[in-house]
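Quick notes on the structure that follows.
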Amino acid sequence: MRKEIHPAYNFVIFMDINSGFKFLTRSSISSKETMKWEDGQTYPLVRVEVSSQSHPFFTGNFTFVGTGGRVEKFMKKYNIQKKS
């Protein structure tokens, strides 16, 4: 394997900004933010919007969006008459 062609692979803390859930793993991502972990070490911190603690598939909190009537709402909003 050639030297110096791969990114640095270090420990990183990922934090879900919606639920506050944090986990420590290894990644090649870099960050200027740091955070102290439970072991007393300081690691780079990466904030994510969705994790297994906030994603509807894993939590079971599904929200269904109704798609019916979108065309009618658009036409009513812009006062467009339907051609027959």
Side-chain angles (χ1 to χ4, degrees):
M1 189 162 66
R2 291 188 351 203
K3 302 271 184 200
E4 300 177 12
I5 63 168
H6 300 284
Y9 189 65
N10 300 313
F11 283 101
V12 177
I13 300 171
F14 285 91
M15 183 171 87
D16 186 335
I17 58 174
N18 293 316
S19 67
F21 175 68
K22 298 180 278 275
F23 59 96
L24 179 68
T25 188
R26 294 189 63 167
S27 177
S28 60
I29 195 167
S30 60
S31 174
K32 293 180 182 178
E33 276 188 283
T34 60
M35 180 179 206
K36 191 174 247 186
W37 189 245
E38 299 161 355
D39 63 1
Q41 298 282 342
T42 302
Y43 299 105
L45 174 68
V46 177
R47 297 176 189 271
V48 294
E49 293 183 16
V50 178
S51 72
S52 62
Q53 297 296 313
S54 63
H55 192 281
F57 179 79
F58 296 104
T59 61
N61 297 329
F62 289 100
T63 55
F64 295 100
V65 178
T67 58
R70 287 187 178 180
V71 173
E72 288 79 12
K73 283 173 69 174
F74 175 83
M75 294 180 86
K76 183 178 177 183
K77 180 177 179 181
Y78 293 103
N79 198 22
I80 300 172
Q81 299 299 319
K82 199 172 196 178
K83 295 180 182 178
S84 12

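Values reported hereafter were calculated over all heavy atoms of this structure, with side chains retained and with hydrogens, waters and symmetry mates removed.
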- Query: Going hydrophobic residue to hydrophobic residue with side-chain gaps under 4.5 angstrom, can you get from Phe14 over to Phe21?
  - Reply: yes

- Minimum heavy-atom distance Val46-Ile29, with the two atoms named: CG2-CG2, 3.8 Å

- Query: Going hydrophobic residue to hydrophobic residue with side-chain gaps under 4.5 angstrom, can you get from Met15 over to Tyr43?
  - Reply: yes

- Note on the structure: Heavy-atom nearest pair, Asp39 first then Gln41, reads OD1-N, 2.9 Å

- Residues Arg47 and Ile17: closest non-hydrogen pair is CB-CG2, 3.6 Å

- Would you say Phe11 has more than 12 foreign heavy atoms packed within less than 6.0 Å of its CZ? no

- Note on the structure: Between Tyr9 and Arg26, the two heavy atoms sitting closest are O-NH2, 2.7 Å

- Query: Leu45 versus Thr34: any side-chain heavy-atom pair under 4.5 Å?
  - Reply: no

- Note on the structure: Minimal heavy-atom distance between Ile13 and Lys22, with the atoms involved, is CG2-CB, 4.3 Å

